[in-house]
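In what follows, a single structure is set out as C-alpha cells and then discussed.
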Amino acid sequence: MASGQDKIPAKMTAIAISEPGGPRVLKPETRDVPVPGPGEILIRVRAAGINRPDVQQRKGAYPPPPGASDLPGLEVSGEVAALGDEISRWRVGDRVCALTPGGGYAEYVKVHAGSVLPLPAGFTHTEAAAVPENYFTVWHNVFERGALKSGETLLVHGGSSGIGTTAIQLASAFGAYVVTTAGSQEKCDACLKLGADRAINYREEDFVAAVKDATDGRGANVILDMVGGDYVARNYEAAAVEGRIVQIATQGGAVASADFSKIMVKRLSHTGSTLRPRSVEFKAAIAAALEAQVWPLLGTRKVAPVMDMIFPLKEAWRAHERMEDGDHIGKIVLDVG
Ligand SMILES: NC(=O)c1ccc[n+]([C@@H]2O[C@H](COP(=O)([O-])OP(=O)(O)OC[C@H]3O[C@@H](n4cnc5c(N)ncnc54)[C@H](OP(=O)(O)O)[C@@H]3O)[C@@H](O)[C@H]2O)c1
C-alpha cells in the first residue's frame, strides 16, 4: 500500500448478514479494515446506498461473486484513505463515490480505481452515495445496450424505484419521450415531476394500451424492464417496430410464456444484463462515459438522485424494512458518519 496507512485503524464496524433472512439478520460486526491491492483504493465510507440486490443478498438469493466481500453494499461515497500500488489519478483525502462489488455497509471499503468517480460538484456524501449503482446500470442498459436515441420513446417499468427515477431523468435529459409505470398515484405524480411525459398506474390501467395511446400507436422504442413474468408478452405488445427490450430483473417471475412471432414481425431485440459480476475494465469504461456525459448534468442538477430516507449505518435493518415495505420513492441511504 502506497500511503495513508498510519491513520487507518486495524478494525472497523461493518454490517454483516448473520444468516439468510429478514431485515433483523443485518447486524453490526467488528471486521478487519481491508487492505487495497494493486490498482485498488481504500475509501473511508461516509455514506452507502441501499439497493434491491442487497435485499436479495440478505435473503440468500444473490450470493456475492467470487472474490467479492461477503458484506452487503454496492455503492459508497467518502474520502480516499489509502492507495494501492499503480494508482496515479487519486490522492489520499480526495472526495469520491464508487461502485463496489460488495462491502459498502462498512466504515472502510476497498474498490478498484476504475469504479471510482469524483463527488459530483456540490453533492453531499449521502447524495453521492445514491448515484453509482443506478447510474452505471441505467447508462449501460438504456443507452448502450438499448441504444436509446433522442426523439425515441422509452418505457420504464418501476418508475419510482432508484433505477426508475434515474432512467426517467437521464432519458428525458437526453431528449427521449418517457413513459413509465408505477403502483400508485403518488408514485406516478413523482415520476411526472422528474420529467416523465406519461405515468401509468399499472394497478388501474393496462400499460400496453396506455403506451400505444401515448405514442399514436407506434409503441416504445426501448423498454427497461425489472418485472419479467407476464410483462414479457405485454412488453412485446407495447414495443415499437425494431424495439429493444432490456431485462434487468425478474421480480414478477423469471419464467414466462410469450408469443415469439412478435419478435419476428416487429424485428424486436430482447436482451439483458447484470452489473455486479462484470469485469473491472467494463465498469471503468462505464465510469469514463458517465464522467464525460452525465457528471456535468449532475453538477448543474439537471439530473440528481431522488432522496427518500437516510438511516444510520447501525440501523441498516430499518433501511431494508423501508425498501421491502415498498413505499419509498427514489433512494434509501445509510449515513456512515
Ligand atoms: N441488472 C442489473 O444490473 C441491476 C442493477 C441494479 C438493480 N437492478 C434491479 O432493478 C430493480 C430496481 O432496483 P432498485 O434498487 O431501484 O429497487 P427499488 O427502489 O426497491 O424498486 C423496485 C421497484 O420494482 C417495482 N415492482 C416490484 N414488483 C413489481 C411488479 N410485480 N410489477 C410491477 N412493478 C414491480 C416497484 O414498483 P411499485 O412500488 O410501483 O410496484 C418498485 O418501484 C430491482 O429489481 C433490482 O434487482 C438490476
Side-chain angles (χ1 to χ4, degrees), residues 23 48-59 61-62 65 72-75 99-102 104 115 129-142 144-146 155-170 180-191 194 196 199-208 223-232 234-235 238 245-254 256 271-279 282-283 286 305-309 319-334:
I50 304 275
N51 291 282
R52 182 65 57 165
D54 307 347
V55 171
Q56 296 303 106
Q57 182 178 340
R58 194 203 70 222
K59 290 177 173 169
Y62 191 50
L74 299 174
E75 58 186 349
L99 188 72
T100 74
S115 299
V131 169
E133 175 73 9
N134 289 166
Y135 279 73
F136 275 69
T137 301
V138 168
W139 186 260
H140 175 60
N141 288 290
V142 172
E144 295 181 342
R145 198 160 280 281
L155 169 62
V156 188
H157 290 302
S160 65
S161 63
I163 291 280
T165 51
T166 305
I168 290 169
Q169 291 183 71
L170 281 180
T180 191
T181 62
S184 72
Q185 193 53 50
E186 188 199 357
K187 289 181 174 182
C188 285
D189 290 345
C191 294
L194 289 172
I200 304 157
N201 180 345
Y202 67 82
R203 295 185 203 278
E204 293 182 353
E205 214 183 335
D206 170 36
F207 77 77
V208 175
I223 301 178
L224 183 67
D225 185 31
M226 57 180 74
V227 179
D230 70 355
Y231 274 33
V232 173
R234 296 165 75 198
N235 285 339
I245 297 143
V246 189
Q247 206 70 50
I248 57 163
T250 54
Q251 297 181 91
T271 177
S273 72
T274 57
L275 179 62
R276 193 177 186 185
R278 301 300 297 273
S279 68
F282 172 84
K283 290 171 184 169
I286 300 184
V306 176
M307 304 302 288
D308 180 75
M309 282 182 81
H320 274 221
E321 244 180 23
R322 169 116 188 117
M323 179 164 270
E324 285 187 280
D325 284 348
D327 291 334
H328 65 289
I329 293 177
K331 292 290 296 188
I332 304 166
V333 172
L334 298 176

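Order of listing sets the numbers, starting from 1, for every ligand and every atom in it.
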His328, Gln247, Arg52: member with heavy atom nearest to atom 19 (O) of ligand 1: His328
Element-labelled atoms of ligand 1 that are located less than 4.0 Å from some non-hydrogen atom of [X]:
| X | result |
| --- | --- |
| Gly162 | 16 (O), 19 (O) |
| Ala182 | 40 (O) |
| Glu133 | 5 (C), 6 (C) |
| Gly183 | 38 (P), 40 (O) |
| Ser273 | 1 (N), 2 (C), 3 (O) |
| Met323 | 20 (O) |
| Tyr231 | 32 (N), 33 (C) |
| Ile163 | 6 (C), 7 (C), 10 (O), 12 (C), 13 (O), 16 (O) |

Is ligand 1 under 4.0 Å from a heavy atom in the side chain of [X], in the backbone, in both, or in neither?
| X | answer |
| --- | --- |
| His157 | neither |
| Ser161 | both |
| Val227 | side chain |
| Leu275 | both |

Asp225/Gln247 under side-chain hydrogen bond (donor to acceptor under 3.5 Å, both in side chains): CA gap, chis, key distance, verdict: CA-CA 5 Å; Asp225 185 31; Gln247 206 70 50; 2.8 Å; yes
Using heavy atoms and a 4.0 Å limit, tell me yes or no: is [X] in contact with ligand 1?
| X | result |
| --- | --- |
| Gly164 | no |
| Arg203 | yes |
| Gln56 | no |

Tyr231 and Phe207 aromatic ring geometry - parallel, tilted or perpendicular at 30°/60° bounds: tilted
Atom 36 (C) of ligand 1: any protein heavy atom closer than 4.0 Å: no
Could you tell me the residue and atom name of the protein heavy atom closest to [atom], and the distance to it rounded to 0.1 Å?
| atom | answer |
| --- | --- |
| atom 8 (N) of ligand 1 | Ile248 O, 4.0 Å |
| atom 45 (O) of ligand 1 | Ala249 CB, 3.1 Å |
| atom 24 (O) of ligand 1 | Gln251 NE2, 2.9 Å |
| atom 4 (C) of ligand 1 | Thr137 CG2, 3.8 Å |

SB check Arg58 Glu324 (cutoff 4.0 Å): yes
Pair Glu75 + Lys331: basic N to acidic O under 4.0 Å: yes
Side chain proximity check, Val306 to Leu194, heavy atoms < 4.5 angstrom: yes
N/O separation below 3.5 Å, [X] to ligand 1:
| X | answer |
| --- | --- |
| Tyr202 | yes |
| Gly330 | no |
| Asn141 | no |
| Pro53 | no |

What's the shortest heavy-atom distance between [X] and [Y], and which atoms?
| X | Y | answer |
| --- | --- | --- |
| Pro305 | Val131 | CG-CG2, 3.9 Å |
| His320 | Pro23 | CB-CB, 4.2 Å |
| Ser161 | Met226 | OG-CE, 3.3 Å |

Within 6.0 angstrom of Glu186 CD, more than 12 heavy atoms from elsewhere: no
Aromatic contact, Phe282 with His140 (centres under 6.0 Å): yes
Donor-acceptor under 3.5 Å (Arg234 side chain, Val208 main chain): no
Donor-acceptor pair, side chain of Asp54 and main chain of Ile50, under 3.5 angstrom: no
Residue of the set Thr166, Asn134, Ile286 for which side chain to side chain contact (heavy atoms under 4.5 Å, CB included) holds with Trp139: Ile286
